[in-house]
Structures are given as C-alpha cells and as structure tokens.
Amino acid sequence: MADGRHGKLNIDMTNFPIQKKDLKLAMLGMTEGNGHPYSWSIIINGKYNAAALAKCPYAAIIDYISKQPQKTLGIEGAEVTHVWTDNSEDAKHVAEVAEIAHVVSDPKDVIGKVDAVLVATDIGSEHVKRCQLFIEAGVPIFVDKPLCDNLNDLNIFKTWVEQDKPLISSSAMRYCKEFEPYHQSTYELGELRYINVTMVKSWEKYGIHALETLYPITGPGFESIQNLGDKHRNIIHLKHSKGIDINIANISDMLGGFGLVSLIGTKSGIQIKSTDTYYAFKKQLVSYVNYLRSGIKPFPWNETYELIQLVAAGIESRDKGGIKINLQEGK
C-alpha cells in the first residue's frame with residue numbers, strides 16, 4: 001500500500017485528538033480467514049443487511065452478530081463510511097452487509113475523506129507497508145493484531161510512536177469480560193505460580209491472542225521464551241519475573257482450545273474460557289474511538305512493545321530449534 005509508488009504524502013489530516021462530533025472511519029484490508037471487516041463494521045455502524053449477512057463466509061460472525069439485541073449495536077458518534085479490501089468483491093459485500101456508503105478502489109483514496117482508519121488484517125509482516133501511507137499523512141490508525149511479527153518492523157512502529165504518530169494496536173483478548181476480573185487481581189489465588197493458555201491457528205497470527213490474554217493478568221516482566229514446537233504445533237514456555245511459569249499451546253487445528261486459561265496460585269486455582277466474542281470486539285473498538293477523541297491510549301505503548309518482542313522471539317526460538325530467548329538482554 002505504501003511502497004513508494006505514490007510518493008510521500010505530508011498531509012496535516014486533523015488536529016489530534018479529534019473534536020468532531022461525528023467520526024468518519026475507513027475499514028481497510030481483508031486477509032484469508034479474517035472476517036473483521038464484516039464484524040467490526042457492523043459493530044461500529046450499528047446496522048446490517050440481514051440477507052447479505054447470511055451470505056457472509058464466516059459462520060461465527062453470523063452467529064454472534066445475529067444474537068445481539070439491536071440496542072447493543074453501534075458506537076455513538078462513529079461510522080465506517082469507506083471500505084477497501086484486497087479483493088474488490090469482498091469490499092462490495094462488506095459494504096452491502098454493514099451499509100457502508102463508499103467502496104474505494106485504492107486505500108489512499110480515503111485520505112482526506114475520513115478522520116481515521118482501521119487496518120483490519122492479521123498478517124503482521126505486512127503492516128508496516130499497509131500503515132506507512134497513513135502514518136505519513138497523519139491519519140490516526142488502529143492496526144489489527146499482531147502489530148507486526150519481527151523486530152525490524154517493531155522498531156519502525158516504535159519510531160512512529162516516538163514521533164507522536166497516532167496509532168494503536170491490540171488483541172481483542174485484552175477486553176474479554178471473562179478475564180477482566182483477574183487483570184492484576186488474582187489475590188484470592190495466592191501468588192501465581194503457573195498459567196496455561198491454549199490457542200488455535202498459527203503463532204504468527206494468534207500467538208498475540210494468547211499473550212495479550214496473559215499480559216493484563218501478569219503485568220510486564222517476561223524474562224524468557226522458548227518454543228519447542230513447529231509451525232503447526234507451537235509449544236511455548238515463558239518465565240515471568242514474578243516467579244510464574246507459563247505454557248502456551250498454540251496448535252493450528254485445536255478449535256476447542258481458543259481462549260482457555262488456567263490460573264494456579266499458592267492458595268487456589270481456576271480455569272476460565274472466553275466465549276463472548278462480541279463483547280470483546282465492541283469494547284476494543286470503543287477503546288479506539290475513545291482514543292481518537294481523548295488522545296489517551298487505552299494502555300501504554302510499552303505493553304505493545306513487550307508483547308511484539310514476545311511474538312518475534314517465539315518465532316526465532318522455534319526457527320532455531322527451540323533455543324531459549326532471554327528477553328531482558330539488550331534492553
């Protein structure tokens with residue numbers, strides 16, 4: 001998207017934070033297996049064409065959207081007004097489903113037409129290219145998880161953040177209502193000693209889901225990571241400075257393991273499973289709209305930085321035969 005063909009655009013898009021009453025947003029990109037442009041657009045716009053939704057290729061989206069009472073849909077003062085996807089036919093269908101007014105043929109065409117954008121793709125290695133044009137144009141941006149999957153790209157994003165470019169990224173697992181009571185609040189369990197998380201799909205795409213489930217519970221301070229698996233069966237061990245050992249089983253076809261967490265402490269233990277996808281997505285998107293209006297990030301950039309270090313180190317460990325990567329070295 002920003003490979004130099006269009007040149008560098010230095011456009012002062014907006015004063016940030018945005019004080020406008022009604023925010024216009026663009027939904028950009030779609031990758032195989034990721035239906036976020038459908039669900040996110042419906043959640044923000046608060047409306048959908050039921051007949052068109054029935055043809056959505058993602059059965060899970062049809063299921064959890066159709067179960068929602070109408071009053072739960074929509075984010076006040078925000079609307080997805082423009083959409084672009086890698087396959088133009090997908091964009092037309094997303095627009096029909098979520099009643100989006102404008103389908104564009106090139107993502108750069110939304111610059112000057114919207115107040116902010118969402119990059120709704122989950123291939124982290126593509127995100128610098130997908131974001132660069134908007135970063136240079138001063139357009140506030142939300143990047144789907146993972147922000148990236150390697151340290152070179154992470155340092156590019158770090159530079160942009162240090163330049164006060166308005167960007168945030170997160171996994172919706174941070175916002176799961178089932179886990180929220182345990183965010184930095186596990187006292188009834190005693191001191192945490194062991195955590196287990198199971199996850200589906202690839203480490204490159206979904207490892208961040210497991211990690212960002214953990215992070216608000218443990219807080220920062222991961223010391224090491226070791227990946228003893230392969231690309232289809234990522235078996236992770238992490239050590240945390242609070243004396244917690246953590247295992248993540250990120251197995252590609254383990255559909256039954258999405259978002260299953262065991263927390264075990266010196267006094268008690270509990271097992272929790274994420275089930276309300278809609279709640280997590282809605283809260284995640286509301287946090288972005290609040291960021292656009294306030295300029296205050298929902299959580300510090302340092303958390304995203306540490307999380308992506310873990311994603312990248314998990315890949316490095318696996319690719320180097322399961323070596324242990326010490327994360328505090330060189331910080």
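Counting from 1, the numbers follow the sequence of the chain as shown.
- Proximity of a side-chain donor or acceptor of N250 to a complementary backbone N or O of N234 within less than 3.5 Å is not detected.
- Counted by atom type alone, Q68 and Y48 present zero donor-acceptor pairs between their side chains at under 3.5 Å.
- With hydrogens and angles ignored, the 3.5 Å screen pairs a side-chain donor or acceptor of N155 with a backbone N or O of L151.
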Only distances under 3.5 Å count here; give the side-chain donor-acceptor pairs of residues 29-36 to other protein atoms, sequence neighbours excluded, each with its distance to 0.1 Å.
residue : atom : partner : partner atom : Å
T31     : OG1  : D122    : OD1          : 3.0
N34     : OD1  : H36     : N            : 3.0
N34     : OD1  : H36     : ND1          : 3.3
N34     : ND2  : D122    : OD2          : 3.3
N34     : ND2  : D144    : OD2          : 3.2
H36     : ND1  : D144    : OD2          : 2.9

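- Residues A95 and V83 come closest through the heavy atom pair CB-CG1, 4.0 Å.
- Proximity of a side-chain donor or acceptor of Q226 to a complementary backbone N or O of G322 within less than 3.5 Å is detected.
- Scanning both residues, A78 and V289, for their nearest heavy atoms gives CB-CG2, 4.0 Å.
- By the side chain to side chain donor-acceptor pair (under 3.5 Å) test, D109 pairs with no residue at all, sequence neighbours left out.
- Here the straight-line distance linking atom CG of L263 with atom OG1 of T218 works out to 10.0 Å at 0.5 Å rounding.
- Counting only heavy atoms from C-beta outward, the side chains of Y305 and V161 never approach each other to under 4.5 Å.
- Between K21 and E76 there is no salt bridge, since no side-chain nitrogen of the basic residue lies less than 4.0 Å from a carboxylate oxygen of the acidic one.
- Using a 4.5 Å cut-off on side-chain heavy atoms (C-beta onward), K47 and L73 make no contact.
- The residues E212 and R174 are annotated as salt-bridged, a charged nitrogen and a carboxylate oxygen being separated by less than 4.0 angstrom.
- Note on F299: it does not cluster hydrophobically with F281, by side-chain heavy-atom contacts below 4.5 Å among ILVMFWY residues.
- Hydrophobic clustering of Ile, Leu, Val, Met, Phe, Trp and Tyr side chains at less than 4.5 Å, counting indirect connections, unites I111 with W160.
- Atom NZ of residue K55 and atom NE2 of residue H93 lie 7.0 Å apart, to the nearest 0.5 angstrom.
- Taking each heavy atom of P220 and E306 in turn, the nearest pair found is CB-OE1, 3.3 Å.
- Remark: the backbone N or O of A172 is not paired with any side-chain donor or acceptor of H209 at under 3.5 angstrom.
- Using a 4.5 Å heavy-atom cutoff, the side chains of L211 and L238 are in contact.
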Self-check item: T81 vs H102, side chain to side chain donor-acceptor pair (under 3.5 Å): CA-CA, chis, key distance, verdict
Solution: CA-CA 6 Å; T81 58; H102 304 285; over 6 Å; no

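- Atom NE2 of H237 is separated from atom OG of S224 by 6.5 Å, given to the nearest 0.5 angstrom.
- Closest of all the heavy-atom pairs between S185 and E188 is O-OE1, 3.9 Å.
- For the 3.5 Å distance criterion, the side chains of T275 and E178 qualify, holding a donor opposite an acceptor.
- Side-chain contact between W84 and S105: absent, with no pair of heavy atoms (C-beta onward) separated by less than 4.5 Å.
- With hydrogens and angles ignored, the 3.5 Å screen pairs a side-chain donor or acceptor of R293 with a backbone N or O of K20.
- One distance of note links CD1 of I195 with OH of Y182; it measures 12.5 Å at 0.5 Å rounding.
- Cluster membership check: Y279 does not share its hydrophobic cluster with F179, using side-chain heavy-atom separations under 4.5 Å among Ile, Leu, Val, Met, Phe, Trp and Tyr.
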Exercise. Please lay out, stage by stage, how N247 and Y194 fare under the test side chain to side chain donor-acceptor pair (under 3.5 Å).
Key: CA-CA 8 Å; N247 284 127; Y194 178 73; 2.9 Å; yes

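- Within the 6.0 Å centre-distance limit, the rings of Y291 and F16 are counted as a close aromatic pair.
- The main-chain N or O of I62 is found under 3.5 Å from a side-chain atom of S66 such that the two form a donor-acceptor pair.
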Which atom pairs, donor and acceptor, lie under 3.5 Å between side-chain atoms of residues 264-273 and protein residues at least two apart or in another chain?
residue : atom : partner : partner atom : Å
T266    : OG1  : E191    : N            : 3.0
Q271    : NE2  : S262    : OG           : 3.2
K273    : NZ   : G256    : O            : 3.4
K273    : NZ   : F258    : O            : 2.7

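- Scanning both residues, S41 and V94, for their nearest heavy atoms gives OG-CG1, 4.1 Å.
- Side-chain contact check for I248 versus L214: some heavy-atom pair is nearer than 4.5 Å.
- Among residues two or more places apart in sequence or in another chain, the side chain to side chain donor-acceptor pair (under 3.5 Å) test is passed with H183 by none.
- Counting only distance, with no hydrogens or angles, the side chain of K297 and the backbone of L167 share a donor-acceptor pair below 3.5 Å.
- Under the 3.5 Å distance criterion, the side-chain polar atoms of Y278 are matched with a main-chain donor or acceptor of T72.
- Under the 4.5 angstrom side-chain criterion for Ile, Leu, Val, Met, Phe, Trp and Tyr, the cluster partners of M254 are I235, I251.
- The CG atom of L260 lies 9.5 Å from the CE atom of M199; values are rounded to the nearest 0.5 Å.
- Residues K324 and E223 are not paired through a salt bridge, judged by the lack of any N-O separation under 4.0 Å between the basic side chain and the carboxylate.
- With hydrogens and angles ignored, the 3.5 Å screen pairs no side-chain donor or acceptor of D149 with any backbone N or O of A312.
- Atom CG of L53 and atom OG of S39 lie 10.0 Å apart (nearest 0.5 Å).
- We find that K24 and D115 are not joined by a salt bridge, their nearest charged nitrogen and carboxylate oxygen being 4.0 Å or further apart.
- Heavy atoms from other residues, nucleotides or ligands lying under 6.0 Å from NZ of K231 number 12 at most.
- Using a 4.5 Å cut-off between side-chain heavy atoms of Ile, Leu, Val, Met, Phe, Trp and Tyr, with links allowed through other members, V200 and I123 fall into different hydrophobic clusters.
- A search for side chain to side chain donor-acceptor pair (under 3.5 Å) contacts involving Q284 returns S170, not counting sequence neighbours.
- Counting heavy atoms from C-beta outward, C131 and V143 have side chains that approach closer than 4.5 Å.
- Pairing each heavy atom of C148 with each of V311, the nearest pair is O-CG1, 4.3 Å.
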Quiz prompt | Pair M27-I44, side-chain contact (heavy atoms from CB on, under 4.5 Å): steps then yes or no | solution = CA-CA 11 Å; M27 192 69 62; I44 294 169; 4.3 Å; yes

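- Ion pairing between a basic and an acidic side chain is recognised when a charged N comes within 4.0 Å of a carboxylate O; R130 and D86 show such pairing.
- Hydrophobic clustering of Ile, Leu, Val, Met, Phe, Trp and Tyr side chains at less than 4.5 Å, counting indirect connections, keeps Y175 apart from L292.
- The pair E89-K92 meets the salt-bridge criterion, since a charged nitrogen lies less than 4.0 angstrom from a carboxylate oxygen.
- Between V261 and N196, the closest side-chain pair of non-hydrogen atoms is not below 4.5 Å.
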Exercise. Decide ring pair (Phe, Tyr, Trp, His ring centres under 6.0 Å) for Y288 and W40; before the verdict, give the C-alpha distance in whole Å, the side-chain angles of both, and the deciding distance to 0.1 Å.
Key: CA-CA 12 Å; Y288 179 48; W40 288 3; 9.1 Å; no

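- Distance alone, capped at 3.5 Å, places no donor-acceptor pair between the T186 side chain and the L189 backbone.
- Put simply, the side chain of W203 reaches to within 4.5 Å of the side chain of I236, judged on heavy atoms.
- More than 12 heavy atoms of other residues, nucleotides or ligands sit less than 6.0 Å from atom CZ of R193.
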